[in-house]
Amino acid sequence: MSAPAITPVFVRLKLSLLRNGLRQSGGRKAAYITSAVFALLFAALQLIGLIALRGHAHAESVVVLAVAVLGLGWAVMPLFFPGGDETLDPTRLVMLPLRPRPLVRALLTSSLVGIGPLFTLCLLVGSVIAVARGGAAFAVGAVAVVLALLLCVALARAVAVTNVRLLTSRKGRDLAVLSGLVIAVGAQIVNFGAQRLGASGLGELDPAAEVLQWVPPASAVGAVHAAGEGAYGVAVAQLALSAGALVALLALWSRHLTRLMTSPDGSTLPSAESAAKERSSTGLARLLPVGRTGTVMDRSLRYIWRDPKTKAAWVTSLAIGLIVPVFNAWQGTGSVYFACFAAGMLGIQMYNQFGQDTSAFWMVALTISSPRDAYVELRARAYALLLITLPYATLVTVVTTAMLGDWQRLPEALGLSFALLGAMLATGAWTSARFPYSIPQEGYKNVAPGQTGLAWISIFGGMMAAALLCAPVIALTIWLNVSADGNDWTWLLLPAGTVYGAVLTAAGLKLAAPRTAGRLPEILAAVSKG
(Lines give C-alpha, C1' and ligand atoms only; values in the text may rest on other atoms or scores of the structure.)
Protein backbone atom coordinates (compact mmCIF):
# COMPACT_ATOMS: atom_id res chain seq x y z
CA MET A 1 0.00 0.00 0.00
CA SER A 2 1.54 3.31 -1.09
CA ALA A 3 1.88 6.18 1.34
CA PRO A 4 -0.64 9.02 0.94
CA ALA A 5 0.56 12.16 -0.82
CA ILE A 6 1.60 14.83 1.64
CA THR A 7 1.61 17.77 -0.81
CA PRO A 8 -2.13 18.54 -0.44
CA VAL A 9 -1.74 18.30 3.33
CA PHE A 10 1.05 20.88 3.33
CA VAL A 11 -0.94 23.23 1.08
CA ARG A 12 -3.90 23.03 3.48
CA LEU A 13 -1.48 23.53 6.37
CA LYS A 14 -0.11 26.69 4.75
CA LEU A 15 -3.63 28.04 4.22
CA SER A 16 -4.53 27.19 7.82
CA LEU A 17 -1.47 29.01 9.13
CA LEU A 18 -2.40 32.10 7.14
CA ARG A 19 -6.02 31.96 8.26
CA ASN A 20 -5.28 31.32 11.94
CA GLY A 21 -2.61 34.02 11.97
CA LEU A 22 -5.17 36.56 10.83
CA ARG A 23 -7.54 35.48 13.60
CA GLN A 24 -5.06 36.40 16.36
CA SER A 25 -5.92 40.10 16.38
CA GLY A 26 -7.78 42.72 14.39
CA GLY A 27 -4.61 44.77 14.03
CA ARG A 28 -2.70 41.90 12.48
CA LYS A 29 -5.58 41.19 10.11
CA ALA A 30 -5.80 44.83 9.07
CA ALA A 31 -2.03 45.04 8.56
CA TYR A 32 -2.01 41.89 6.43
CA ILE A 33 -4.92 43.00 4.29
CA THR A 34 -3.45 46.47 3.83
CA SER A 35 -0.04 45.11 2.86
CA ALA A 36 -1.67 42.59 0.50
CA VAL A 37 -3.71 45.31 -1.21
CA PHE A 38 -0.67 47.56 -1.67
CA ALA A 39 1.50 44.67 -2.88
CA LEU A 40 -1.07 43.51 -5.41
CA LEU A 41 -1.72 47.07 -6.56
CA PHE A 42 2.00 47.59 -7.08
CA ALA A 43 2.21 44.25 -8.89
CA ALA A 44 -0.63 45.27 -11.20
CA LEU A 45 0.96 48.64 -11.96
CA GLN A 46 4.28 46.92 -12.53
CA LEU A 47 2.66 44.45 -14.92
CA ILE A 48 1.12 47.31 -16.89
CA GLY A 49 4.44 49.15 -16.97
CA LEU A 50 6.31 46.10 -18.24
CA ILE A 51 3.72 45.51 -20.95
CA ALA A 52 4.11 49.16 -21.96
CA LEU A 53 7.84 48.50 -22.46
CA ARG A 54 7.06 46.06 -25.26
CA GLY A 55 8.89 47.16 -28.37
CA HIS A 56 11.30 49.47 -26.52
CA ALA A 57 14.93 49.19 -27.59
CA HIS A 58 16.15 48.54 -24.04
CA ALA A 59 13.22 46.45 -22.77
CA GLU A 60 15.39 43.34 -22.42
CA SER A 61 17.89 45.15 -20.19
CA VAL A 62 15.13 46.42 -17.90
CA VAL A 63 13.40 43.07 -17.44
CA VAL A 64 16.64 41.11 -17.04
CA LEU A 65 17.78 43.44 -14.27
CA ALA A 66 14.33 43.40 -12.68
CA VAL A 67 14.27 39.59 -12.53
CA ALA A 68 17.85 39.49 -11.23
CA VAL A 69 16.94 41.89 -8.41
CA LEU A 70 13.83 39.81 -7.74
CA GLY A 71 15.95 36.69 -7.37
CA LEU A 72 18.29 38.52 -5.00
CA GLY A 73 15.29 39.55 -2.94
CA TRP A 74 14.11 35.97 -2.62
CA ALA A 75 17.62 34.93 -1.57
CA VAL A 76 17.96 37.48 1.26
CA MET A 77 14.34 37.43 2.40
CA PRO A 78 14.75 34.45 4.77
CA LEU A 79 17.85 36.05 6.32
CA PHE A 80 16.20 39.36 7.17
CA PHE A 81 12.63 38.20 7.80
CA PRO A 82 12.89 34.73 9.33
CA GLY A 83 9.70 35.23 11.33
CA GLY A 84 7.61 36.22 8.32
CA ASP A 85 6.69 32.61 7.45
CA GLU A 86 6.57 29.84 10.05
CA THR A 87 6.90 27.19 7.34
CA LEU A 88 10.44 28.39 6.60
CA ASP A 89 11.57 26.58 9.76
CA PRO A 90 11.73 22.85 8.94
CA THR A 91 12.87 21.98 12.49
CA ARG A 92 9.15 21.97 13.38
CA LEU A 93 8.85 18.77 11.32
CA VAL A 94 11.76 16.76 12.73
CA MET A 95 9.52 14.45 14.76
CA LEU A 96 7.38 13.46 11.77
CA PRO A 97 8.19 10.31 9.70
CA LEU A 98 8.74 12.16 6.43
CA ARG A 99 11.21 11.34 3.66
CA PRO A 100 13.29 14.20 2.20
CA ARG A 101 12.11 14.05 -1.43
CA PRO A 102 8.34 14.06 -0.75
CA LEU A 103 8.94 16.70 1.92
CA VAL A 104 10.86 18.95 -0.48
CA ARG A 105 8.11 18.55 -3.08
CA ALA A 106 5.40 19.38 -0.54
CA LEU A 107 7.25 22.38 0.88
CA LEU A 108 8.00 23.72 -2.60
CA THR A 109 4.34 23.50 -3.59
CA SER A 110 3.07 25.07 -0.38
CA SER A 111 5.60 27.88 -0.79
CA LEU A 112 3.75 28.95 -3.94
CA VAL A 113 0.82 30.02 -1.74
CA GLY A 114 1.09 33.64 -0.66
CA ILE A 115 1.43 37.24 -1.76
CA GLY A 116 5.14 36.96 -2.57
CA PRO A 117 4.76 34.22 -5.21
CA LEU A 118 1.77 36.02 -6.76
CA PHE A 119 3.77 39.26 -6.95
CA THR A 120 6.67 37.35 -8.53
CA LEU A 121 4.34 35.71 -11.03
CA CYS A 122 2.98 39.10 -12.14
CA LEU A 123 6.49 40.47 -12.66
CA LEU A 124 7.61 37.40 -14.61
CA VAL A 125 4.53 37.42 -16.84
CA GLY A 126 5.01 41.12 -17.56
CA SER A 127 8.69 40.54 -18.32
CA VAL A 128 7.88 37.78 -20.82
CA ILE A 129 5.25 39.91 -22.56
CA ALA A 130 7.71 42.83 -22.74
CA VAL A 131 10.39 40.89 -24.66
CA ALA A 132 8.57 38.04 -26.43
CA ARG A 133 8.27 38.25 -30.21
CA GLY A 134 6.51 35.45 -32.05
CA GLY A 135 4.94 32.15 -31.06
CA ALA A 136 8.25 30.44 -30.28
CA ALA A 137 9.19 33.19 -27.85
CA PHE A 138 5.84 32.94 -26.04
CA ALA A 139 6.21 29.15 -25.84
CA VAL A 140 9.65 29.59 -24.30
CA GLY A 141 8.17 32.28 -22.07
CA ALA A 142 5.62 29.87 -20.60
CA VAL A 143 8.44 27.53 -19.59
CA ALA A 144 10.59 30.45 -18.41
CA VAL A 145 7.87 31.77 -16.07
CA VAL A 146 7.47 28.39 -14.38
CA LEU A 147 11.23 27.85 -14.12
CA ALA A 148 11.95 31.32 -12.75
CA LEU A 149 9.11 31.15 -10.20
CA LEU A 150 10.17 27.73 -8.94
CA LEU A 151 13.80 28.83 -8.88
CA CYS A 152 13.01 31.91 -6.73
CA VAL A 153 11.00 29.86 -4.23
CA ALA A 154 13.61 27.08 -4.12
CA LEU A 155 16.33 29.67 -3.61
CA ALA A 156 14.54 31.10 -0.58
CA ARG A 157 13.96 27.63 0.83
CA ALA A 158 17.55 26.52 0.30
CA VAL A 159 18.90 29.65 1.98
CA ALA A 160 16.48 29.21 4.87
CA VAL A 161 17.27 25.55 5.52
CA THR A 162 21.02 26.16 5.16
CA ASN A 163 20.93 28.93 7.79
CA VAL A 164 18.04 27.75 9.94
CA ARG A 165 20.24 27.29 13.03
CA LEU A 166 21.47 30.85 12.63
CA LEU A 167 18.01 32.28 11.92
CA THR A 168 16.49 30.74 15.06
CA SER A 169 19.34 31.98 17.29
CA ARG A 170 20.00 35.38 18.80
CA LYS A 171 22.51 36.18 16.06
CA GLY A 172 19.79 35.50 13.52
CA ARG A 173 17.48 37.96 15.25
CA ASP A 174 20.31 40.50 15.19
CA LEU A 175 20.64 39.93 11.45
CA ALA A 176 16.90 40.36 10.97
CA VAL A 177 16.90 43.68 12.83
CA LEU A 178 19.68 44.91 10.54
CA SER A 179 17.28 44.62 7.60
CA GLY A 180 16.62 48.31 8.10
CA LEU A 181 20.21 48.97 7.08
CA VAL A 182 19.78 47.03 3.86
CA ILE A 183 16.60 48.95 3.07
CA ALA A 184 18.27 52.30 3.79
CA VAL A 185 21.37 51.53 1.77
CA GLY A 186 19.32 50.01 -1.02
CA ALA A 187 17.12 53.11 -1.18
CA GLN A 188 20.17 55.32 -1.63
CA ILE A 189 21.58 53.04 -4.33
CA VAL A 190 18.24 53.01 -6.15
CA ASN A 191 18.06 56.79 -5.88
CA PHE A 192 21.58 57.11 -7.28
CA GLY A 193 20.82 54.69 -10.09
CA ALA A 194 17.58 56.48 -10.97
CA GLN A 195 19.41 59.79 -11.22
CA ARG A 196 22.04 58.24 -13.48
CA LEU A 197 19.35 56.70 -15.70
CA GLY A 198 17.46 59.97 -15.85
CA ALA A 199 20.58 61.70 -17.12
CA SER A 200 21.93 59.01 -19.45
CA GLY A 201 18.91 56.90 -20.44
CA LEU A 202 18.17 53.17 -20.21
CA GLY A 203 21.20 52.38 -22.36
CA GLU A 204 23.26 52.50 -19.16
CA LEU A 205 21.69 49.15 -18.20
CA ASP A 206 22.87 47.24 -21.27
CA PRO A 207 26.38 46.23 -20.02
CA ALA A 208 25.00 44.85 -16.75
CA ALA A 209 22.14 43.08 -18.54
CA GLU A 210 24.55 41.35 -20.93
CA VAL A 211 26.18 39.68 -17.93
CA LEU A 212 23.06 39.01 -15.85
CA GLN A 213 21.19 37.36 -18.74
CA TRP A 214 23.37 34.31 -18.05
CA VAL A 215 22.65 34.32 -14.29
CA PRO A 216 19.52 32.44 -13.12
CA PRO A 217 16.69 33.34 -12.77
CA ALA A 218 17.34 36.26 -15.17
CA SER A 219 18.65 33.75 -17.72
CA ALA A 220 15.10 32.39 -18.13
CA VAL A 221 13.88 35.80 -19.31
CA GLY A 222 16.99 36.15 -21.48
CA ALA A 223 15.96 32.91 -23.20
CA VAL A 224 12.61 34.47 -24.17
CA HIS A 225 14.35 37.40 -25.86
CA ALA A 226 16.83 35.08 -27.59
CA ALA A 227 13.98 32.94 -28.95
CA GLY A 228 12.27 36.06 -30.27
CA GLU A 229 15.47 37.01 -32.08
CA GLY A 230 15.75 33.55 -33.63
CA ALA A 231 18.78 32.53 -31.52
CA TYR A 232 17.28 29.20 -30.48
CA GLY A 233 20.62 27.72 -29.41
CA VAL A 234 21.17 30.59 -26.99
CA ALA A 235 17.59 30.26 -25.72
CA VAL A 236 18.03 26.53 -25.04
CA ALA A 237 21.33 27.18 -23.25
CA GLN A 238 19.80 29.86 -21.04
CA LEU A 239 16.78 27.69 -20.21
CA ALA A 240 19.10 24.78 -19.46
CA LEU A 241 21.11 27.05 -17.16
CA SER A 242 17.97 27.99 -15.22
CA ALA A 243 16.81 24.37 -15.07
CA GLY A 244 20.25 23.24 -13.89
CA ALA A 245 20.25 25.90 -11.19
CA LEU A 246 16.80 24.72 -10.04
CA VAL A 247 17.96 21.08 -9.87
CA ALA A 248 21.10 22.11 -7.96
CA LEU A 249 19.06 24.16 -5.46
CA LEU A 250 16.61 21.32 -4.90
CA ALA A 251 19.52 18.91 -4.32
CA LEU A 252 21.16 21.35 -1.90
CA TRP A 253 17.86 21.86 -0.12
CA SER A 254 17.22 18.12 0.16
CA ARG A 255 20.73 17.38 1.47
CA HIS A 256 20.65 20.11 4.13
CA LEU A 257 17.10 19.16 5.08
CA THR A 258 18.17 15.56 5.66
CA ARG A 259 21.15 16.67 7.73
CA LEU A 260 19.01 19.11 9.71
CA MET A 261 16.37 16.54 10.57
CA THR A 262 18.80 13.76 11.52
CA SER A 263 21.55 15.60 13.43
CA PRO A 264 21.44 17.15 16.92
CA ASP A 265 21.44 20.91 17.38
CA GLY A 266 24.62 22.07 19.09
CA SER A 267 24.46 25.65 17.84
CA THR A 268 23.50 27.03 21.24
CA LEU A 269 26.27 25.28 23.20
CA PRO A 270 29.16 27.71 23.64
CA SER A 271 32.65 26.34 23.58
CA ALA A 272 34.92 26.68 26.58
CA GLU A 273 37.16 29.00 24.60
CA SER A 274 34.34 31.36 23.68
CA ALA A 275 33.03 31.32 27.25
CA ALA A 276 36.45 32.23 28.60
CA LYS A 277 36.78 34.97 26.03
CA GLU A 278 33.34 36.29 27.06
CA ARG A 279 34.40 36.45 30.71
CA SER A 280 37.63 38.25 30.02
CA SER A 281 37.74 42.02 30.05
CA THR A 282 38.12 43.76 26.75
CA GLY A 283 41.08 45.98 25.99
CA LEU A 284 38.82 49.01 25.52
CA ALA A 285 37.34 48.59 28.99
CA ARG A 286 40.83 48.84 30.51
CA LEU A 287 41.36 52.16 28.73
CA LEU A 288 38.19 53.78 30.08
CA PRO A 289 38.22 56.02 33.17
CA VAL A 290 37.84 54.38 36.56
CA GLY A 291 34.70 54.81 38.59
CA ARG A 292 31.14 55.37 37.50
CA THR A 293 32.10 57.19 34.29
CA GLY A 294 34.07 54.27 32.92
CA THR A 295 31.45 51.75 34.02
CA VAL A 296 28.63 53.62 32.28
CA MET A 297 30.72 54.10 29.14
CA ASP A 298 31.53 50.40 29.03
CA ARG A 299 27.86 49.50 29.47
CA SER A 300 26.78 51.90 26.71
CA LEU A 301 29.39 50.53 24.30
CA ARG A 302 28.31 46.97 25.10
CA TYR A 303 24.71 47.93 24.28
CA ILE A 304 25.86 49.19 20.90
CA TRP A 305 27.68 45.94 20.19
CA ARG A 306 25.27 43.40 21.68
CA ASP A 307 21.72 44.76 21.79
CA PRO A 308 20.03 44.09 18.41
CA LYS A 309 17.90 47.24 18.33
CA THR A 310 20.73 49.52 19.47
CA LYS A 311 23.14 47.90 17.03
CA ALA A 312 20.69 48.29 14.16
CA ALA A 313 20.14 51.98 14.94
CA TRP A 314 23.88 52.66 15.08
CA VAL A 315 24.80 50.72 11.95
CA THR A 316 21.98 52.35 9.99
CA SER A 317 23.04 55.83 11.14
CA LEU A 318 26.68 55.12 10.31
CA ALA A 319 25.78 53.90 6.83
CA ILE A 320 23.35 56.68 5.93
CA GLY A 321 25.61 59.33 7.44
CA LEU A 322 28.32 58.27 4.99
CA ILE A 323 26.18 57.42 1.96
CA VAL A 324 24.29 60.73 1.66
CA PRO A 325 27.31 63.09 1.47
CA VAL A 326 29.53 60.67 -0.45
CA PHE A 327 26.91 59.79 -3.08
CA ASN A 328 26.06 63.44 -3.63
CA ALA A 329 29.75 64.29 -3.93
CA TRP A 330 30.21 61.38 -6.34
CA GLN A 331 27.47 62.77 -8.57
CA GLY A 332 29.05 66.22 -8.50
CA THR A 333 25.94 67.77 -6.93
CA GLY A 334 27.08 67.73 -3.31
CA SER A 335 28.60 70.20 -0.92
CA VAL A 336 31.01 69.90 1.97
CA TYR A 337 28.16 70.95 4.23
CA PHE A 338 26.42 67.65 3.44
CA ALA A 339 29.03 66.08 5.72
CA CYS A 340 27.07 67.51 8.66
CA PHE A 341 24.57 64.76 7.89
CA ALA A 342 26.91 62.27 9.60
CA ALA A 343 26.97 64.26 12.84
CA GLY A 344 23.20 64.68 12.67
CA MET A 345 22.49 60.98 12.15
CA LEU A 346 24.79 59.93 14.99
CA GLY A 347 23.56 62.70 17.28
CA ILE A 348 20.11 61.11 17.14
CA GLN A 349 21.53 58.20 19.17
CA MET A 350 21.61 60.49 22.23
CA TYR A 351 17.82 60.69 22.20
CA ASN A 352 15.86 58.32 24.44
CA GLN A 353 18.99 57.16 26.26
CA PHE A 354 17.01 55.37 28.96
CA GLY A 355 14.63 53.65 26.53
CA GLN A 356 17.39 51.34 25.31
CA ASP A 357 17.75 50.06 28.89
CA THR A 358 14.08 48.91 28.89
CA SER A 359 13.02 47.38 32.23
CA ALA A 360 16.68 47.03 33.28
CA PHE A 361 16.69 50.79 33.87
CA TRP A 362 15.57 50.09 37.45
CA MET A 363 19.13 48.94 38.23
CA VAL A 364 20.45 52.26 36.92
CA ALA A 365 17.77 54.17 38.81
CA LEU A 366 18.90 52.58 42.08
CA THR A 367 22.33 54.19 41.64
CA ILE A 368 20.95 57.71 41.10
CA SER A 369 20.17 59.52 44.35
CA SER A 370 21.05 63.11 43.42
CA PRO A 371 21.36 65.43 40.42
CA ARG A 372 25.12 64.86 40.60
CA ASP A 373 24.66 61.11 40.05
CA ALA A 374 22.31 61.82 37.14
CA TYR A 375 24.82 64.26 35.65
CA VAL A 376 27.65 61.71 35.78
CA GLU A 377 25.37 59.07 34.23
CA LEU A 378 24.35 61.32 31.33
CA ARG A 379 27.88 62.64 30.84
CA ALA A 380 29.31 59.14 30.61
CA ARG A 381 26.69 58.15 28.04
CA ALA A 382 27.60 61.25 26.02
CA TYR A 383 31.30 60.35 26.26
CA ALA A 384 30.58 56.85 24.92
CA LEU A 385 28.74 58.35 21.98
CA LEU A 386 31.54 60.83 21.32
CA LEU A 387 34.11 58.02 21.16
CA ILE A 388 32.46 56.92 17.92
CA THR A 389 30.87 60.10 16.66
CA LEU A 390 33.80 62.53 16.74
CA PRO A 391 36.25 60.45 14.66
CA TYR A 392 33.49 59.27 12.35
CA ALA A 393 32.13 62.77 11.66
CA THR A 394 35.68 63.96 11.03
CA LEU A 395 36.36 61.08 8.64
CA VAL A 396 33.14 61.66 6.65
CA THR A 397 33.89 65.38 6.40
CA VAL A 398 37.45 64.79 5.18
CA VAL A 399 36.31 62.16 2.63
CA THR A 400 33.56 64.43 1.30
CA THR A 401 35.96 67.38 1.07
CA ALA A 402 38.53 65.25 -0.75
CA MET A 403 35.97 64.04 -3.28
CA LEU A 404 34.88 67.61 -3.99
CA GLY A 405 38.41 69.04 -3.82
CA ASP A 406 37.13 71.96 -1.72
CA TRP A 407 39.77 71.90 1.02
CA GLN A 408 39.29 75.56 1.87
CA ARG A 409 35.88 74.78 3.39
CA LEU A 410 37.06 71.85 5.51
CA PRO A 411 37.49 73.89 8.75
CA GLU A 412 34.03 75.45 8.55
CA ALA A 413 32.40 72.11 7.68
CA LEU A 414 34.07 70.47 10.69
CA GLY A 415 33.10 73.40 12.91
CA LEU A 416 29.46 73.12 11.85
CA SER A 417 29.49 69.35 12.38
CA PHE A 418 30.90 69.66 15.90
CA ALA A 419 28.44 72.44 16.79
CA LEU A 420 25.52 70.36 15.51
CA LEU A 421 26.74 67.32 17.41
CA GLY A 422 27.00 69.34 20.63
CA ALA A 423 23.50 70.74 20.16
CA MET A 424 22.05 67.26 19.61
CA LEU A 425 23.83 65.87 22.66
CA ALA A 426 22.36 68.71 24.72
CA THR A 427 18.81 68.35 23.46
CA GLY A 428 19.07 64.55 23.49
CA ALA A 429 19.98 64.51 27.17
CA TRP A 430 17.06 66.78 28.02
CA THR A 431 14.45 64.91 25.93
CA SER A 432 15.69 61.57 27.32
CA ALA A 433 14.58 62.75 30.74
CA ARG A 434 11.46 64.63 29.63
CA PHE A 435 10.03 62.33 26.92
CA PRO A 436 11.28 58.76 27.54
CA TYR A 437 9.62 55.87 25.72
CA SER A 438 10.02 52.11 25.57
CA ILE A 439 11.71 50.17 22.75
CA PRO A 440 10.19 46.67 22.35
CA GLN A 441 12.81 43.95 22.32
CA GLU A 442 10.88 41.60 20.05
CA GLY A 443 9.73 42.32 16.53
CA TYR A 444 10.60 45.24 14.29
CA LYS A 445 8.85 48.07 16.13
CA ASN A 446 11.05 50.73 17.71
CA VAL A 447 8.30 52.32 19.79
CA ALA A 448 5.89 50.61 22.19
CA PRO A 449 2.15 50.94 21.36
CA GLY A 450 0.69 54.18 22.70
CA GLN A 451 4.03 56.01 22.86
CA THR A 452 4.38 57.11 19.24
CA GLY A 453 3.55 60.71 20.14
CA LEU A 454 6.31 60.74 22.76
CA ALA A 455 8.81 59.43 20.23
CA TRP A 456 7.88 62.10 17.68
CA ILE A 457 8.15 64.88 20.26
CA SER A 458 11.44 63.55 21.59
CA ILE A 459 13.21 63.07 18.25
CA PHE A 460 11.77 65.69 15.95
CA GLY A 461 11.22 68.29 18.65
CA GLY A 462 14.78 67.77 19.84
CA MET A 463 16.14 68.03 16.30
CA MET A 464 14.32 71.34 15.72
CA ALA A 465 15.68 72.67 19.01
CA ALA A 466 19.20 71.56 18.01
CA ALA A 467 18.85 73.40 14.68
CA LEU A 468 17.85 76.57 16.51
CA LEU A 469 20.79 76.22 18.92
CA CYS A 470 23.13 75.98 15.93
CA ALA A 471 21.78 79.20 14.45
CA PRO A 472 24.67 81.39 15.74
CA VAL A 473 27.32 79.20 14.11
CA ILE A 474 25.28 78.98 10.89
CA ALA A 475 24.86 82.76 10.85
CA LEU A 476 28.59 83.26 11.44
CA THR A 477 29.38 80.86 8.59
CA ILE A 478 27.09 82.74 6.20
CA TRP A 479 28.47 86.14 7.25
CA LEU A 480 32.10 85.09 6.76
CA ASN A 481 31.32 83.62 3.32
CA VAL A 482 29.48 86.69 2.01
CA SER A 483 31.78 89.21 3.62
CA ALA A 484 34.52 90.73 1.46
CA ASP A 485 37.37 89.74 3.78
CA GLY A 486 35.54 86.87 5.50
CA ASN A 487 37.17 84.06 3.53
CA ASP A 488 40.45 84.78 5.28
CA TRP A 489 38.85 84.04 8.65
CA THR A 490 36.69 80.99 7.92
CA TRP A 491 39.29 78.79 9.63
CA LEU A 492 38.06 80.29 12.92
CA LEU A 493 34.83 78.36 12.50
CA LEU A 494 36.59 75.11 13.47
CA PRO A 495 37.64 76.21 16.98
CA ALA A 496 34.50 78.32 17.36
CA GLY A 497 32.19 75.44 16.42
CA THR A 498 34.10 73.00 18.61
CA VAL A 499 33.96 75.24 21.68
CA TYR A 500 30.33 76.15 21.05
CA GLY A 501 29.35 72.49 20.74
CA ALA A 502 31.20 71.62 23.96
CA VAL A 503 29.47 74.46 25.82
CA LEU A 504 26.06 73.35 24.55
CA THR A 505 26.73 69.76 25.60
CA ALA A 506 27.79 70.78 29.11
CA ALA A 507 24.79 73.10 29.50
CA GLY A 508 22.37 70.46 28.23
CA LEU A 509 23.72 67.85 30.65
CA LYS A 510 23.51 70.31 33.55
CA LEU A 511 19.88 71.13 32.73
CA ALA A 512 18.89 67.49 32.18
CA ALA A 513 20.48 66.13 35.38
CA PRO A 514 17.99 67.58 37.95
CA ARG A 515 15.04 66.58 35.76
CA THR A 516 16.41 63.03 35.43
CA ALA A 517 16.92 62.68 39.17
CA GLY A 518 13.45 64.05 39.91
CA ARG A 519 11.56 61.94 37.36
CA LEU A 520 13.08 58.49 37.95
CA PRO A 521 9.73 56.74 38.70
CA GLU A 522 8.10 58.26 35.59
CA ILE A 523 11.09 57.35 33.42
CA LEU A 524 11.13 53.78 34.74
CA ALA A 525 7.41 53.38 34.06
CA ALA A 526 7.74 54.78 30.53
CA VAL A 527 10.73 52.70 29.42
CA SER A 528 9.34 49.48 30.95
CA LYS A 529 6.04 49.68 29.09
CA GLY A 530 7.16 47.50 26.16
Minimum side-chain heavy-atom gap Trp362-Val527 below 4.5 Å
no

Could you check if a side-chain atom of Asn328 sits within less than 4.5 angstrom of a side-chain atom of Thr400, using non-hydrogen atoms only?
no

Between Phe361 and Phe354, how do the two ring planes meet: parallel, tilted or perpendicular, split at 30° and 60°?
tilted

Holding to side-chain contact (heavy atoms from CB on, under 4.5 Å), I want the full list of residues that pass it with Ala466, two or more places apart in sequence or in another chain.
Tyr351, Ala423, Met424, Thr427

Between atom OH of Tyr500 and atom CG of Leu420, what is the distance when rounded to the nearest 0.5 Å?
11.5 Å

Whether the Gln349 and Ser317 side chains hold a donor-acceptor pair (N or O, under 3.5 Å, no angle test) is what I'd like checked.
yes

Residues Glu522, Arg515: salt bridge by 4.0 Å N-O rule:
no

Residue Trp407 excluded, over 12 heavy atoms near CH2 under 6.0 Å
yes

Verify, without hydrogens or angle tests, whether Arg519 (side chain) and Ala433 (backbone) share a donor-acceptor contact under 3.5 angstrom.
yes

Any heavy-atom pair between the side chains of Asp373 and Thr367 that's under 4.5 Å?
no

Is Ile459 close to Phe435 at the side-chain level, that is, under 4.5 Å between some pair of heavy atoms?
no

Taking CH2 in Trp214 as the centre, count heavy atoms belonging to other residues, nucleotides or ligands within less than 6.0 Å. Is the count above 12?
yes

Please tell me if the side chains of Pro117 and Trp74 come closer than 4.5 Å, counting only heavy atoms from C-beta onward.
yes

Within the 4.5 Å heavy-atom criterion, are Val296 and Val376 side-chain neighbours or not?
no

His56 vs His58 aromatic rings, parallel, tilted or perpendicular, using cut-offs 30° and 60°?
tilted

